[in-house]
Peer 1: 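If you scroll down you'll find the structure; I have some questions about it.
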Amino acid sequence: MTKKYRLRILRNLLLTAILLIPLWRQNGYPLPTLEMELHRWERQTLREESEIVWSIDQTGSHGPKMLVGVNRDSIIVRNRNNVYQCWPRHGDRATLVALIDRIRYWPEDGVNLGSPALLAIDPPRGAEWARLKLTLFLEDPAWQETYEMEGERQGEVFFFLLRQKYYSSSGTWEEEAVTGFTSAMTGEEALNRWPWHLEFFDSEGNLLEEQFSESFPVNGD
């Protein structure tokens, strides 16, 4: 390749970069990876840099993936709309967090549904499986449903997906409750408004740790 053609290629690359700068500025100067975006947000908000412990690509129709990072005191959740939430990290026990986007799944009848998902960060040592019971409800009309989810270990966390029970036309109330739960997820305090019970077991089925939400009924109340 002659010097003339090399200069022409460099000139075209430079012109392309100049033309792309306004688009880059318009989109908020995005960085090459979502992890870099998360760390930039942490620097801007004067937070300690976190370590990514979970991510997913499939969060909706062609949406970018969600990320979850942890530092000494906090858990950072970034959703596909570039919204960040901070949860306190307990450290001495597992921390249950609710993702702020629905996860898509396909029931047997092929309907494409999006449902809430939750993560248990810092499971106890030796935990081989986990179980989460979560009750969603409506006050008007009076309606409630309890969902039992078995955790799927994904790296250093357990992942729980709430699979809806009524995904036909009869599921209007359930969908309303699911929407209310997802839209209200602003942190640990909001999550504790719903009754939930989290358990971890070793390979022999021995209970290692359990937690209850502040709204969990006591003595059958």
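The structure displayed is predicted, hence computed values, not measured ones.
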Peer 1: Same cluster for L207 and F200 if Ile/Leu/Val/Met/Phe/Trp/Tyr side chains link at under 4.5 Å?
Peer 2: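 The answer is no; the residues belong to distinct hydrophobic clusters.
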Peer 1: Taking all atoms of both residues into account, what is the closest heavy-atom pair of V70 and I75, and its distance?
Peer 2: CG1-CG1, 3.9 Å
Peer 1: Which word best sums up how the rings of W194 and F137 line up, parallel for under 30°, tilted for 30 to 60°, or perpendicular for over 60°?
Peer 2: tilted
Peer 1: Taking C-beta and beyond as the side chain, do N79 and L99 meet within less than 4.5 Å on heavy atoms?
Peer 2: no
Peer 1: Give the intermediate values and the outcome of side chain to side chain contact (heavy atoms under 4.5 Å, CB included) for residues E145 and Y166.
Peer 2: CA-CA 10 Å; E145 190 73 45; Y166 311 104; 3.0 Å; yes
Peer 1: Before giving the answer on side chain to side chain contact (heavy atoms under 4.5 Å, CB included), spell out for R131 and F201 the whole-Å C-alpha distance, their side-chain angles and the decisive distance to 0.1 Å.
Peer 2: CA-CA 8 Å; R131 179 171 59 203; F201 302 88; 3.5 Å; yes
Peer 1: Give a yes or no on whether the backbone of T146 and the side-chain of T135 come within a donor-acceptor separation of less than 3.5 Å.
Peer 2: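 Side chain of T135 to backbone of T146: no pair is present.
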Peer 1: Between W196 and M149, does a side chain to side chain contact (heavy atoms under 4.5 Å, CB included) hold up when you go through it step by step?
Peer 2: CA-CA 11 Å; W196 55 263; M149 297 162 270; over 6 Å; no
Peer 1: Under the salt bridge (charged side-chain N to carboxylate O under 4.0 Å, His left out) rule, what pairs show up with a residue in residues 149-159, not counting sequence neighbours?
Peer 2: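 As it turns out, there is no salt bridge (charged side-chain N to carboxylate O under 4.0 Å, His left out) pair with a partner in residues 149-159 once direct neighbours are skipped.
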Peer 1: Checking side chain to side chain contact (heavy atoms under 4.5 Å, CB included) for the pair F181/L191: CA distance, chi angles, key distance, verdict?
Peer 2: CA-CA 8 Å; F181 176 81; L191 178 59; 4.0 Å; yes
Peer 1: To the closest 0.5 Å, what do you measure between CZ (R47) and CD1 (I76)?
Peer 2: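 R47 atom CZ to I76 atom CD1 measures 5.5 Å (nearest 0.5 Å).
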Peer 1: Please determine whether the number of non-hydrogen atoms from other residues, nucleotides or ligands lying under 6.0 Å from atom CD of E189 exceeds 12.
Peer 2: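 Open: at most 12 neighbouring heavy atoms sit under 6.0 Å from CD of E189.
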Peer 1: For R102 and T179: C-alpha separation, side-chain torsions, deciding distance, then whether side chain to side chain donor-acceptor pair (under 3.5 Å) applies.
Peer 2: CA-CA 9 Å; R102 294 190 183 194; T179 299; 2.7 Å; yes
Peer 1: Using residues 113-127 as the side-chain source, report each donor-acceptor pair under 3.5 Å to any protein atom, sequence neighbours left out, with the distance given to one decimal.
Peer 2:
{"from": "S115", "atom 1": "OG", "to": "L162", "atom 2": "O", "distance (Å)": "3.0"}
{"from": "S115", "atom 1": "OG", "to": "Q164", "atom 2": "OE1", "distance (Å)": "3.0"}
{"from": "D122", "atom 1": "OD1", "to": "R89", "atom 2": "NH2", "distance (Å)": "2.8"}
{"from": "D122", "atom 1": "OD2", "to": "R89", "atom 2": "NE", "distance (Å)": "2.7"}
{"from": "D122", "atom 1": "OD2", "to": "R89", "atom 2": "NH2", "distance (Å)": "3.4"}

Peer 1: What distance do E148 atom CD and H197 atom NE2 have between them, rounded to the nearest 0.5 Å?
Peer 2: 10.5 Å
Peer 1: Would you compute the distance between atom OH of Y147 and atom NZ of K165 and round it to the nearest 0.5 angstrom?
Peer 2: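 One finds 6.5 Å between OH of Y147 and NZ of K165.
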Peer 1: If you define the side chain from C-beta out and look only at heavy atoms, does anything of F158 sit under 4.5 Å from L132?
Peer 2: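 F158 does not reach L132 side chain to side chain.
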Peer 1: Got a salt bridge between E139 and R193, using NZ or NE/NH1/NH2 to carboxylate O under 4.0 Å?
Peer 2: no
Peer 1: What's the spacing between C86 SG and E188 CD if we round to 0.5 Å?
Peer 2: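 Going from the SG atom of C86 to the CD atom of E188 covers 12.5 Å.
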Peer 1: Check whether any side-chain heavy atom of W87 sits under 4.5 Å from a side-chain heavy atom of M185, and report yes or no.
Peer 2: yes
Peer 1: Within this structure, what is the NE2-CD distance for the pair H39 and E49, rounded to the nearest 0.5 Å?
Peer 2: 4.0 Å
Peer 1: Indicate yes or no for a side-chain donor-acceptor contact from E209 to the backbone of A94 under 3.5 Å, with no hydrogens or angles considered.
Peer 2: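 Here the side-chain-to-backbone pair exists.
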Peer 1: Can you name the nearest heavy-atom pair linking A184 to A190, along with the distance?
Peer 2: O-CB, 3.2 Å
Peer 1: Looking at L67 and S55, what are the two nearest heavy atoms and their distance?
Peer 2: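 Residues L67 and S55, closest heavy atoms: CD2-CB, 3.4 Å.
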Peer 1: Would you give the length of the straight line joining atom CD of E176 to atom CD of E174, rounded to the nearest 0.5 angstrom?
Peer 2: 11.5 Å
Peer 1: Are W129 and W54 joined in one hydrophobic group, where the rule is that I, L, V, M, F, W and Y side chains link up if heavy atoms are under 4.5 Å apart?
Peer 2: no
Peer 1: Test side chain to side chain donor-acceptor pair (under 3.5 Å) on H90 and Q211; report intermediate values, then the result.
Peer 2: CA-CA 12 Å; H90 298 311; Q211 296 184 36; 5.1 Å; no
Peer 1: What class does the angle between the rings of W41 and Y84 fall in, given that below 30° is parallel, 30 to 60° is tilted and above 60° is perpendicular?
Peer 2: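 It falls in the parallel class, under 30°.
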